[in-house]
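Please find one structure pasted underneath; my questions will follow.
We use all heavy atoms of the structure for the numbers below, so side chains are in, but hydrogens, waters and symmetry mates are not. We're numbering straight along the sequence, starting at 1.
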Amino acid sequence: MLYRRVGMIAQWAFPRGALAYLEAMRASDLLHPRPEGLYCPPGDFFIDPVRPVDRALITHGHSDHARAGHASVLATRETLDIMALRYGEVFAGTTQAATLGEQLSLNGVSVTFHPAGHVLGSAQIAVAHSGTRIVASGDYKRRRDPTCAGFEPVACDVFITEATFGLPVFRHPPDSEEVGRLLTSVRQFPERAHLVGAYALGKAQRVMRLLRDAGYDRPIYIHGALVKLSNYYQEQGIALGELQPATVDAGSKGDFAGAIVVGPPSAFADRWARRFPDPVSCFASGWMRIRQRAKQRGVELPLIISDHSDWDELTATITETGAGEVWVTHGREEALVRWCALAGIAARPLHLVGYEDEGD
């Protein structure tokens, strides 16, 4: 740091990059990682903590972000409902529903929830204090999805982005094309059941809605693990059409010839999946871009349908936020940090632990 005099005014002249470093230090005073999760000292709260804490702000209902046992939880009404469905009504000491766009004050820290487009109820959380605003995105996607509110870019100083598919190889095709491939296969093999693996929260309901939007009007058969969440989606006004239980106990294998059956990926490794007539194994996931992953899972018809942003969407979102600094978490962090550096944006990995790809 250099001292210089301009006219009669003494100024400190900072070397190139030093002001950005000081701003980063300011930001890290507002939010920084701890073993429990991302912590805000002035507000005394955590965002998506992985251990029980006194005050937790939750971005969405996937189990790697939303855990039971906190003393108090602040989240959107839908996320609170989903947590109650998954963990029971008494999943936290107290709960408070956040309205999207409504500014709250926690110990003088401004907190606002904004749509993330990931699953029903998902939100980015904007935290502002002393002139600095940080947006924690949670998980997000940019594709149109009628099963949840669409992502809205939020201007900020620091943007915390996920990087689940943070490599240039990940460029998701249009959802309609992938569902079209599924329906083509159903027409080609009317004697076989098509078993679609999809995560219970968000992905399964999105696949059902994509099928309806593509004109599929036959009953969709679902595994028991999807019933409560799918019913909840329909109660929120999200039309999924006629859903029937996927059980052959009361009938025969032939009853499911030509049917589409949706279930959680874990169910496809047990006896349940073998009950259906010569099933076509399908899996809806962004990871199906990697052929080896599909092969390892024994997937006959991979469907590249993701609830996370792909490489182009991640980089476009960073640009749209106007953030001067980006923190990258849970995913392919290094490539996105490198892209930011080449774009003249300060960036660093957060190295948060305990987050997986439940909703990919």
Side-chain angles (χ1 to χ4, degrees), residues 28-116 118-129 133-140 148-149 158 160-162 164 199-202 225 228-229 232 236 307 327 329-331 350-359:
S28 67
D29 288 340
L30 180 56
L31 276 178
H32 61 255
R34 281 185 25 178
E36 302 95 325
L38 201 58
Y39 181 60
C40 175
D44 192 23
F45 59 79
F46 288 86
I47 296 177
D48 291 350
V50 298
R51 303 177 186 176
V53 299
D54 287 339
R55 181 181 287 175
L57 278 58
I58 306 297
T59 60
H60 66 281
H62 281 143
S63 58
D64 57 335
H65 292 255
R67 290 170 164 84
H70 305 304
S72 66
V73 169
L74 175 64
T76 64
R77 177 186 58 81
E78 295 89 348
T79 293
L80 293 175
D81 290 346
I82 288 166
M83 292 179 73
L85 287 173
R86 297 189 119 185
Y87 301 127
E89 291 294 333
V90 190
F91 63 86
T94 62
T95 62
Q96 180 181 348
T99 301
L100 294 174
E102 179 182 342
Q103 183 174 308
L104 304 171
S105 180
L106 301 180
N107 292 339
V109 175
S110 172
V111 172
T112 316
F113 284 64
H114 303 269
H118 182 52
V119 297
L120 182 61
S122 62
Q124 309 168 78
I125 299 177
V127 178
H129 186 60
R133 175 189 275 181
I134 303 176
V135 171
S137 69
D139 292 334
Y140 66 97
C148 66
V158 178
I160 304 176
T161 181
E162 61 139 316
T164 302
Y199 288 99
L201 170 58
K228 284 198 292 188
L229 286 169
Y232 177 73
Q236 303 309 302
D307 282 335
W327 299 347
T329 183
H330 56 282
L350 278 187
H351 301 303
L352 293 174
V353 297
Y355 301 94
E356 301 170 354
D357 301 320
E358 185 193 351

Distance, nearest 0.5 Å, that separates CD of E78 from CG of L100: 7.0 Å

Which atom of A126 lies closest to which atom of V135, heavy atoms considered: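 Nearest heavy atoms, A126 then V135: CB-CG2, 3.9 Å.
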
Side chains of L106 and R55 in contact at under 4.5 Å (non-hydrogen atoms):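 Yes. Closest side-chain heavy atoms under 4.5 Å.
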
Gap between atom CG of L201 and atom CG of L229 - 0.5 Å precision: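 Separation between the atoms: 5.5 Å.
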
Residue pair F91 / L80: nearest heavy atoms and the distance that separates them: CE2-O, 3.6 Å

Nearest atoms (heavy-atom pairs only) where A200 meets A225: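 Shortest heavy-atom separation between A200 and A225 comes out as CB-O, 4.3 Å.
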
Verdict with supporting geometry, L350 and L38, side-chain contact (heavy atoms from CB on, under 4.5 Å): CA-CA 9 Å; L350 278 187; L38 201 58; 4.1 Å; yes

Atom pair CD (E89) and OG1 (T95), whose distance is rounded to the nearest 0.5 Å: 9.5 Å

CG (N107) with more than 12 external heavy atoms under 6.0 Å: yes

Side-chain touch D307/Y199, heavy atoms, less than 4.5 angstrom: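 With C-beta onward as the side chain, the pair stays apart.
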
Modelled atom types, side-chain donor and acceptor of R77 and Q236, under 3.5 Å: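 Per modelled atom types, R77 and Q236 side chains form a pair under 3.5 Å.
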
Heavy-atom side-chain contact between I47 and C40 under 4.5 Å: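 Sidechains of C40 and I47: no contact.
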
E162 side chain vs S137 backbone, donor-acceptor pair below 3.5 Å: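 Not at all, since once roles are kept as given, no pair shorter than 3.5 Å links the two residues.
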
Heavy-atom side-chain proximity of S72 to Q96 below 4.5 angstrom: no

Heavy-atom closest contact (T79 atom, G121 atom, distance): OG1-O, 3.0 Å

Minimum side-chain heavy-atom gap F46-R51 below 4.5 Å: no

Any donor-acceptor N/O pair, Q103 side chain to V111 backbone, under 3.5 Å: no

Closest heavy-atom pair and its distance - R67, P49: CD-O, 3.9 Å

Note, V158 side chain near L30 side chain (heavy atom, < 4.5 Å): no

D139 and H330 side chains, donor-acceptor separation under 3.5 Å: yes

Euclidean distance, I82 CD1 relative to H60 NE2, rounded to 0.5 Å: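 Between atom NE2 of H60 and atom CD1 of I82 there are 9.5 Å.
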
Backbone of A92 reached by a side-chain donor or acceptor of Y87 within 3.5 Å: no

Any side-chain heavy-atom pair of Y39 and V53 under 4.5 Å: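 Sidechains of V53 and Y39: no contact.
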
Closest non-hydrogen atom pair between F113 and A75, with its separation: CE2-CA, 3.9 Å

Among L57, I134, L74, L31, the one residue meeting side chain to side chain contact (heavy atoms under 4.5 Å, CB included) with I125: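 By the side chain to side chain contact (heavy atoms under 4.5 Å, CB included) criterion, I125 pairs with just one of L57, I134, L74, L31: L57.
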
Atom pair NE2 (H62) and CZ (R86), whose distance is rounded to the nearest 0.5 Å: 6.0 Å

Side-chain donor or acceptor of H65 paired with backbone N/O of I58 under 3.5 Å: no

